[in-house]
Every structure is written in structure tokens, then in C-alpha cells.
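The structure appears right after this line, and notes come after that.
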2 protein chains.
Amino acid sequence: MKNRLKVLRAERDWTQADLAEAVDVSRQTINAIEKDKFDPSLPLAFKFARLFNLPIEEMFFDEDDR
Amino acid sequence: MKNRLKVLRAERDWTQADLAEAVDVSRQTINAIEKDKFDPSLPLAFKFARLFNLPIEEMFFDEDDR
DNA sequence: CCTATAAGTAAAGTAAGCTTTACCTATAGT
DNA sequence: ACTATAGGTAAAGCTTACTTTACTTATAGG
């Protein structure tokens, strides 16, 4: 599972810590997701979607889908 | 997190076992998700989305969103 | 050179997702 | 009444998501 978090963050000039606070997880969790260490839970994916006002499918990409 | 799996299944006349097989999880997992015992992982949500050809946000609903 | 800030990473622990086995209940058909 | 099929549920165990603490590296500004 790939994602666009780093870019979306950059567009807003947010740090990993800023984003972590915004969706209420630890900074390490954001780092791990950006580095593809693991996938976010579905509830967390919804939080990102709401925060960035984007559909989940436009921020997270299932490898199998292509 | 609520979901429309039961309805989507009914529309296709599929059993929980059928759906489980289609997305490659156990029947108990489908049952638990339908009964809101837990949320699916994001990868599993993507599988449902692909299977039913629907955006994730049209099958799963974040309670906080309203 | 020193300091501050951002990012990367690792270890240990808890919590949530998911599996397997197994049993129980409900409904429908014979 | 018996059988088959679908759904509900529970326990034990494994894997993955996430936390906390803590150390490291990179960059930029004084």
C-alpha cells in the first residue's frame, strides 16, 4: 500500500508531528505509514481523508489494483 | 464504523461464506465486520471496494463524520 | 561550532484484526 | 422428525497497528 501523505503534508508545509497531532496518533505512526512500514487502520484512513478532504482511494493505493 | 456489506451481499444473493471466499478471509471475519465487532483493515476495505466496484466511503461510514 | 527542529529508526509493550476449531440457533425442504 | 444450509458466537493463538521512550542523523541559523 502506497500513499501520498508526504506530498499532501508538503503542500501544507506540515511536519510529521503536525499531521500526527491532527489525526491523533504518534509521530512515529505517521513516519511508519509514510515509509510503508505498515498500513493505517480504516478509521485512521478516514481521518486522513477528512483532514485532506480527499477520497481514501486518492491518498492510498492498493498495489493489487494495477 | 458502520457498513453496507449485508445489503450488498443481499443484492447479489451471496452468503457470508461466499463473500469471505471472494475477499479471502474467514467467514467469521465477515460476520464480525457485519456485526460491527471490528473494522476491516484498509487492505481488506480495498478488496471489498474492488469487488463491489464502489468507493470505500460508500460502503463504510465513519461515525465521527456526522 | 553550537543549537534547534525535522525526520528516521529500534525495542518493548498493548490493542486490534484475523484464523482455526467448534458449537449453537434458526429456517426451509423432505 | 430429520437433514442441510446460513448465520451467530466464543476461545486461543498469531499478526499487524499503534504507543512510549529513547537514541541517531540531517539540515539550517545563530
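The chains referred to below are lettered A, B, ... by the order of the sequence lines, with proteins before strands, and numbering in each begins at 1. Bear in mind that the values here come from a model prediction, so they are computed numbers and not experimental data.
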A:Phe46 CZ to D:dA17 C1', in whole Å, measures 17 Å
Please name the pair of heavy atoms, one in B:Leu42 and one in A:Pro40, separated by the smallest distance, quoted to 0.1 Å. CB-O, 3.4 Å
May I ask you to say what A:Ser41 touches in the nucleic acid, namely base, sugar-phosphate or nothing, with a heavy-atom cut-off under 4.0 Å? sugar-phosphate
With the side chain counted from C-beta on, respond yes when A:Phe46 and B:Phe61 share a heavy-atom pair under 4.5 Å apart, and no when they do not. no
Within a strict 4.5 Å, meaning less than it, do heavy atoms of the B:Phe38 and B:Met1 side chains meet? no
Taking 5' to 3' order, which nucleotide of DNA chain C is first and which is last to have an atom within less than 4.0 Å of a heavy atom in chain B? C:dG17 to C:dA22
Length of the line joining A:Phe38:CZ and D:dC14:C1', which is rounded to integer Å: 18 Å
Kindly say whether B:Val23 contributes a backbone atom to a donor-acceptor pair with the side chain of B:Lys47 at under 3.5 angstrom? yes
Okay, side chain of B:Asn31, backbone of B:Gln28: is any donor-acceptor separation there less than 3.5 Å? no
Side chain B:Glu57, main chain A:Ile56, donor-acceptor under 3.5 Å: yes
Check every strand shown and say whether B:Ser26 touches a base, only sugar-phosphate, or nothing at a heavy-atom separation below 4.0 Å. base
Counting only heavy atoms from other residues, nucleotides and ligands, does the tally under 6.0 Å from CG of B:Asp36 exceed 12? yes
Output one line per pair: protein atom, nucleotide atom from nucleotides 10-12 of chain D, and distance, for all N/O pairs under 3.5 Å.
none

Need the bend value for the helix from C:dC1-D:dG30 to C:dT30-D:dA1: angle between end axes, 5 pairs each end, nearest 10°. 30°
Would you tabulate the pairs of protein nitrogen or oxygen atoms and nucleotide nitrogen or oxygen atoms of nucleotides 4-7 of chain D closer than 3.5 angstrom?
residue	atom	partner	partner atom	Å
D:dG7	OP1	B:Arg9	NH1	2.9
D:dG7	OP2	B:Gln16	N	2.7
D:dG7	N7	B:Arg27	NH1	3.2

Are the charged groups of A:Lys2 and A:Asp62 less than 4.0 angstrom apart, N to O? no
Is B:Phe48 close to B:Ile30 at the side-chain level, that is, under 4.5 Å between some pair of heavy atoms? yes
Salt bridge (charged side-chain N to carboxylate O under 4.0 Å, His left out) pairs touching residues 21-33 of chain B, sequence neighbours excluded, are none
Residues at least two apart in sequence or cross-chain that pass side-chain contact (heavy atoms from CB on, under 4.5 Å) with A:Arg9, listed by chain then number, are A:Lys6, A:Trp14, A:Gln16, A:Leu19, A:Glu34
Pairwise side-chain contact, A:Leu54 with A:Leu8, heavy-atom cut-off 4.5 Å (strictly under): yes
Is the shortest side-chain heavy-atom distance between B:Leu44 and B:Ile33 below 4.5 Å? yes
